[in-house]
Amino acid sequence: MPTPPTSEEPTFPASFVWGASTAAYQIEGAAEEDGKGQSIWDTFVRRPGVVLDGHTGDIACDHYHRFPEDVALMRRLGLDAYRFSLSWPRVLPTGEGKVEPRGLDFYDRLVDALLDAGVTPTPTLFHWDLPQALEDGGGWLARDTAYRFGEYAAVVAERLGDRVRRWITLNEPFVHMSFGYGFGVHAPGRALLLDAVPVAHHQLLGHGLAVAALRAAVPNAEVLIANNCSPVRTTSRPEDLAAAEAYDTLHNRLFNDPLLLGRYPDLSAFGVADPSWGGVVRDGDLEIVAAPLDGLGINYYNPTWISAPSEGAGLPFDMVEPQEPYERTAFGWPVVPDGLTELLVGLDRRYGDALPPLWITENGCSQPAGLDDPARIAYLSRHIAAVRDAMDQGADVRGYFTWSLLDNFEWAEGYHQRFGLVEVDFNSPERTRTPRASFDWYRKFIAAQRQAL
Ligand code: GBH
């Protein structure tokens with residue numbers, strides 16, 4: 001049984017930002033409209049067997065055509081901010097060179113509609129839909145892609161920077177590296193295992209180049225990155241502790257250390273002994289990667305349980321199931337709100353003065369279809385309380401964006417997992433939207449926060 005939400009919700013500072021998140025490929029649809037180029041997801045979903053039931057994002061929520069309805073929902077919800085992503089191939093069909101003005105016009109209209117509704121637009125530049133033309137040149141395994149990303153950031157900032165101040169460069173570079181290039185379960189579908197590690201550096205280099213482009217084009221730009229971070233849990237056996245440390249290095253520190261400390265963690269547990277990773281990390285790169293950030297975005301879903309590697313494991317750890325009988329989401333993910341407190345406080349302890357303000361850029365859960373979703377309400381309430389606990393223990397957290405505003409294309413799961421505050425009927429041509437009970441709960445929660453001030 002889900003824990004019911006407490007009647008007394010915690011109070012947050014007046015400036016705390018309440019938001020919701022989505023991503024371009026997961027909601028926009030209009031995959032071939034207005035000159036948009038192909039992304040790696042447009043091509044990946046056509047491979048047999050990679051997405052459940054062969055679902056694609058061709059139409060998705062049809063947000064490209066129906067965004068005014070979605071902005072009206074956000075206004076009703078009383079959101080302070082909306083995190084969405086831009087489709088790189090909509091703006092630059094081949095990833096570089098010729099700009100598609102109709103693609104930029106779409107984001108221009110969206111930004112204006114949001115501002116009109118009193119919702120702060122908070123765009124992410126890259127949420128996994130790389131232009132296919134760049135993948136054909138090596139994708140994020142190629143250093144050049146980082147430079148193309150910096151140029152794309154400049155194009156977008158030039159157009160939207162008069163109205164958009166807060167930006168997010170990348171979404172979850174760890175997940176893109178591991179699911180996309182390591183295991184091949186996401187686009188571009190490459191299963192390179194540890195040979196995927198250069199993808200981490202090239203994304204981070206692209207991030208740093210984008211930070212510079214945004215600061216050059218946008219007065220008082222505030223730049224964040226959204227990292228998927230997971231607290232690591234294990235037993236007290238020394239071999240388990242060593243495995244947990246290796247996992248923490250790959251999942252969390254490989255991204256946070258270079259961004260915040262300007263150096264990579266020791267990767268010798270992964271057979272990478274040379275600090276330049278065989279020439280991937282060049283002189284001067286880390287200064288670009290470590291450009292000061294205005295905030296660190298955290299996407300939190302659950303902790304990861306690790307034990308010492310079993311015989312023949314290709315990695316220095318095993319991912320295991322927790323022993324405790326946690327409540328599970330419809331996806332089967334364990335519900336562990338105190339993992340979020342542990343994560344935020346842990347970052348504060350680990351990075352100290354080097355840590356910029358924190359933002360929860362994603363947190364939410366998949367629940368069964370239907371409008372009555374008490375388990376989602378309980379999930380949100382408990383995780384928001386966990387953020388408050390972390391703040392009470394010293395973490396500087398400035399905002400919370402729930403994943404997601406709408407049911408959407410959940411990557412390899414297609415439309416089978418539902419994360420929305422708003423239900424979307426993917427069988428109706430109108431993609432009818434209906435707010436769930438959790439929508440109402442969040443609306444009242446946000447209103448109560450304002451009243452409490
Ligand atoms: C995010 O990724 C994405 O940014 C977003 O696009 C996506 O829709 C959303 O989350 C929901 O999936 O094996 O049980 O320990 C989340 C990355 C990676 C988080 C897998 C949870 C494993 C759960 N996820 N992870 S479990």
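Both counts, for ligands and for their atoms, begin at 1 and track the order of listing. Numbering of residues begins at 1 and proceeds along the displayed sequence. The shown structure was predicted, so the numbers you read here are calculated from the model rather than taken from an experiment. Atoms considered below: every heavy atom in the structure, side chains included; atoms not considered: hydrogens, waters and symmetry mates.
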Query - Those residues that, when tested against Asp407, pass salt bridge (Lys or Arg N to Asp or Glu O under 4.0 Å) (two or more places apart) - result: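 Expected list: Arg418, Arg436.
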Query raised in the report: Which pairs count as salt bridge (charged side-chain N to carboxylate O under 4.0 Å, His left out) when at least one residue sits in residues 297-323, sequence neighbours excluded?
Result: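 Every pair satisfying salt bridge (charged side-chain N to carboxylate O under 4.0 Å, His left out) with a residue in residues 297-323: Glu321-Arg328.
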Query raised in the report: Has Glu245 got more than 12 heavy atoms of other residues, nucleotides or ligands less than 6.0 Å from its CD?
Result: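 No - once you tally the heavy atoms of other residues, nucleotides and ligands closer than 6.0 Å, there are 12 at most.
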Requested in this report: Apply side-chain contact (heavy atoms from CB on, under 4.5 Å) to Arg166 and Leu224, showing your working.
Outcome: CA-CA 8 Å; Arg166 188 173 296 134; Leu224 286 68; 4.0 Å; yes
Report task. Report yes if the distance between the aromatic ring centroids of Phe12 and Trp18 is under 6.0 Å, otherwise no. Result ->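 Close enough - the centres of the two rings lie under 6.0 Å apart.
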Are any protein N/O atoms closer than 3.5 Å to the N/O atoms of ligand 1? If there are, list each pair with names and the distance to one decimal place.
{"residue": "ligand 1", "atom": "2 (O)", "partner": "Glu172", "partner atom": "OE1", "Å": "2.9"}
{"residue": "ligand 1", "atom": "2 (O)", "partner": "Glu172", "partner atom": "OE2", "Å": "3.3"}
{"residue": "ligand 1", "atom": "4 (O)", "partner": "His127", "partner atom": "NE2", "Å": "3.2"}
{"residue": "ligand 1", "atom": "4 (O)", "partner": "Asn171", "partner atom": "ND2", "Å": "3.0"}
{"residue": "ligand 1", "atom": "4 (O)", "partner": "Glu172", "partner atom": "OE2", "Å": "3.4"}
{"residue": "ligand 1", "atom": "4 (O)", "partner": "Glu362", "partner atom": "OE1", "Å": "3.1"}
{"residue": "ligand 1", "atom": "4 (O)", "partner": "Glu362", "partner atom": "OE2", "Å": "2.9"}
{"residue": "ligand 1", "atom": "6 (O)", "partner": "Gln26", "partner atom": "OE1", "Å": "2.8"}
{"residue": "ligand 1", "atom": "6 (O)", "partner": "His127", "partner atom": "NE2", "Å": "2.8"}
{"residue": "ligand 1", "atom": "6 (O)", "partner": "Trp411", "partner atom": "NE1", "Å": "2.8"}
{"residue": "ligand 1", "atom": "8 (O)", "partner": "Gln26", "partner atom": "NE2", "Å": "2.9"}
{"residue": "ligand 1", "atom": "8 (O)", "partner": "Trp403", "partner atom": "NE1", "Å": "3.2"}
{"residue": "ligand 1", "atom": "8 (O)", "partner": "Glu410", "partner atom": "OE1", "Å": "2.6"}
{"residue": "ligand 1", "atom": "10 (O)", "partner": "Tyr301", "partner atom": "OH", "Å": "3.1"}
{"residue": "ligand 1", "atom": "10 (O)", "partner": "Glu362", "partner atom": "OE1", "Å": "3.2"}
{"residue": "ligand 1", "atom": "12 (O)", "partner": "Glu410", "partner atom": "OE2", "Å": "2.7"}
{"residue": "ligand 1", "atom": "15 (O)", "partner": "Asn302", "partner atom": "ND2", "Å": "3.0"}

Query raised in the report: By side chain to side chain donor-acceptor pair (under 3.5 Å), which residues pair with Thr120, not counting sequence neighbours?
Result: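 For Thr120, no residue satisfies side chain to side chain donor-acceptor pair (under 3.5 Å) once neighbours in sequence are set aside.
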